[in-house]
Amino acid sequence: MPARTGNRLLKTGLFIVMWVAALEVLTRLFMVSPSNVVPDPALGYMYAPNSTVRIESADAGFRRASFNALGLNDWPLRADDHRPRVLVLGDSYVEALQVDRPENFIGILGRERPALRFVNGGRSGLDPVTEYLMLRKLAPLVNPAAIIMVENLGDRTDLLADGITIERCRNSNEICNYHSKPVPEISRTGLVGLARESALVTFVARRLEEPVRQFLAGIRQWRSRPAVFAESSPPGERYTDGDFEPLLACIFRNIASHYKLIIAAVPDTDFEPAGKSEIPDGGKFQRDVERAANAVGAGYFDAAPVLETLYRQTGQPPRGFAFSQPGHGHLNADGHAALAHGLENQIDALGLKVAR
């Protein structure tokens with residue numbers, strides 16, 4: 001009996017191994033590649049330089065995405081290209097892996113304003129605090145003449161997870177300085193390590209990404225309560241969502257003191273059938289971002305009107321894709337085009353000239 005049981009277990013184990021191996025091969029051939037995420041001491045993770053991976057596409061199933069020597073979803077930066085560089089910072093809205101590179105708003109701006117070199121400095125999961133860290137990482141390598149920061153409503157909850165404490169200016173509600181806990185460097189082992197070796201693990205992890213993100217958003221809201229703030233937090237007053245506008249102004253001020261700066265606000269507008277659209281917070285997010293931008297003299301662009309105008313004109317939502325709930329999710333190609341064209345006047349106002 002023990003020998004028979006052992007044989008059955010061995011056969012079952014071999015059967016499972018064979019199926020997993022077959023699924024791994026099929027996933028690599030027809031679906032996604034192993035993850036190209038690598039640890040980064042400043043931002044937790046980046047994409048491997050000069051890597052190419054197969055990823056899920058918005059409408060076409062699966063496609064290849066390539067990253068340049070800086071690990072960015074962008075074309076290579078050429079040393080002999082002397083055009084002024086505009087570095088665009090943001091989260092997955094800027095990273096824009098959901099659409100082909102020429103169709104995202106940075107690619108469109110590059111065609112519409114060929115005298116400038118727009119650099120895609122976006123990476124999924126960033127918020128204004130970590131976007132500033134990305135700027136500090138990329139500035140010596142990119143040497144930008146101007147910065148565009150694209151913010152969305154998710155930044156409000158993302159900031160609550162940064163463990164931020166703030167220092168207010170004397171006799172003022174303005175924030176003069178802030179401190180955040182170090183971004184944890186992504187693990188070199190465990191599930192992350194497996195994802196770099198296995199396409200199957202990468203595929204499953206990406207499928208779980210959205211449910212996990214929603215779960216973490218709830219945890220962030222819970223963590224924002226005073227009792228939960230860790231004793232090991234940096235010195236200063238605990239950051240709350242009510243400090244969103246003054247914290248943005250502090251971050252923008254740090255950037256605007258060195259670079260020409262444009263701030264774009266992209267609200268999480270819900271686009272419903274029959275031409276109806278609704279901004280969940282009634283526009284408070286845009287008003288907070290606009291006041292913070294105005295406080296430091298930065299250019300400001302609210303994407304809500306151009307996105308809503310596009311929807312009324314075409315009847316097609318500028319957000320979401322064929323595989324997702326219509327009108328929800330990331331900007332699609334039409335939404336990127338509307339954002340690009342809406343930004344053009346602000347970019348022209350920068351007055352950047354080609355170096356001679």
Side-chain angles (χ1 to χ4, degrees), residues 31-32 47 52-68 72-75 86-114 116-126 148-154 206 209-210 213 262 264-279 286 301-347:
M31 300 171 78
V32 301
Y47 300 106
T52 300
V53 293
R54 190 176 175 88
I55 61 173
E56 291 183 81
S57 177
D59 292 310
F62 300 90
R63 64 180 179 85
R64 293 207 169 272
S66 60
F67 300 84
N68 65 15
L72 304 174
N73 178 31
D74 202 350
W75 291 277
V86 180
L87 177 60
V88 188
L89 300 171
D91 59 9
S92 53
Y93 277 61
V94 173
E95 182 185 56
L97 292 176
Q98 299 80 17
V99 297
D100 290 333
R101 190 180 297 158
E103 293 183 339
N104 70 34
F105 76 94
I106 297 174
I108 295 169
L109 285 173
R111 292 194 301 274
E112 296 292 328
R113 297 295 185 272
L116 303 175
R117 173 60 165 94
F118 295 88
V119 180
N120 188 337
R123 201 218 68 191
S124 178
L126 295 184
I148 297 176
M149 297 181 73
V150 179
E151 312 300 349
N152 63 73
L153 191 58
R206 288 176 180 167
E209 184 176 3
E210 181 60 21
R213 189 193 68 78
I262 296 173
V266 182
D268 285 359
T269 307
D270 293 330
F271 294 93
E272 304 294 345
K276 295 181 180 179
S277 60
E278 180 181 357
I279 300 177
Q286 297 104 292
F301 172 68
D302 180 3
V306 297
L307 296 178
E308 291 174 353
T309 297
L310 175 68
Y311 186 38
R312 288 194 298 269
Q313 290 175 345
T314 66
Q316 299 299 315
R319 296 162 59 97
F321 303 92
F323 64 81
S324 65
Q325 184 178 355
H328 297 262
H330 289 87
L331 296 176
N332 53 34
D334 289 339
H336 276 277
L339 178 58
H341 296 146
L343 277 168
E344 288 175 352
N345 288 338
Q346 286 287 345
I347 291 168

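Because the structure is a prediction, the values reported are computed rather than measured.
N73 meets the side-chain contact (heavy atoms from CB on, under 4.5 Å) test with F67, L97, R101, N104, N120; sequence neighbours excluded. Considering only residues two or more places apart in sequence or on other chains, E344 meets the salt bridge (Lys or Arg N to Asp or Glu O under 4.0 Å) condition with R113.
Closest of all the heavy-atom pairs between D91 and G125 is CB-N, 4.0 Å. What you find for V86 and L116 is that their closest heavy atoms are CG2-CD1, 4.3 Å. Considering all non-hydrogen atoms of both residues, V88 and I106 come closest at CB-CD1, 3.8 Å. Here the closest non-hydrogen pair linking P317 and N332 is O-ND2, 2.9 Å. Nearest approach of E95 to R123, heavy atoms of both residues: OE2-CA, 3.8 Å. Residues I108 and A340 share a closest heavy-atom pair of CG2-CB, 3.7 Å.
Rounding to the nearest 0.5 Å gives a distance of 12.0 Å between CZ of R117 and CG of L109. A distance of 12.0 Å separates CD in E308 from CD in Q313, rounded to the nearest 0.5 Å. Rounded to the nearest 0.5 Å, atoms CD (E103) and CD (Q98) are 12.0 Å apart. Annotation: the span from Y93 atom OH to E151 atom CD amounts to 12.0 Å, rounded to 0.5 Å. Annotation: the span from S66 atom OG to L72 atom CG amounts to 11.5 Å, rounded to 0.5 Å. Atom CZ of F118 and atom CD1 of I148 lie 5.5 Å apart (nearest 0.5 Å).
Using modelled atom types, no side-chain atom of D334 and backbone atom of Y311 make a donor-acceptor pair closer than 3.5 Å. Although no hydrogens or angles enter the test, the distance criterion places a donor-acceptor pair under 3.5 Å between the side chain of R111 and the main chain of P102.
Counting heavy atoms from C-beta outward, F271 and L307 have side chains that approach closer than 4.5 Å.
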### Task
Might you work through the side-chain contact (heavy atoms from CB on, under 4.5 Å) test for V150 and F105, ending with a clear yes or no?
CA-CA 11 Å; V150 179; F105 76 94; 3.9 Å; yes

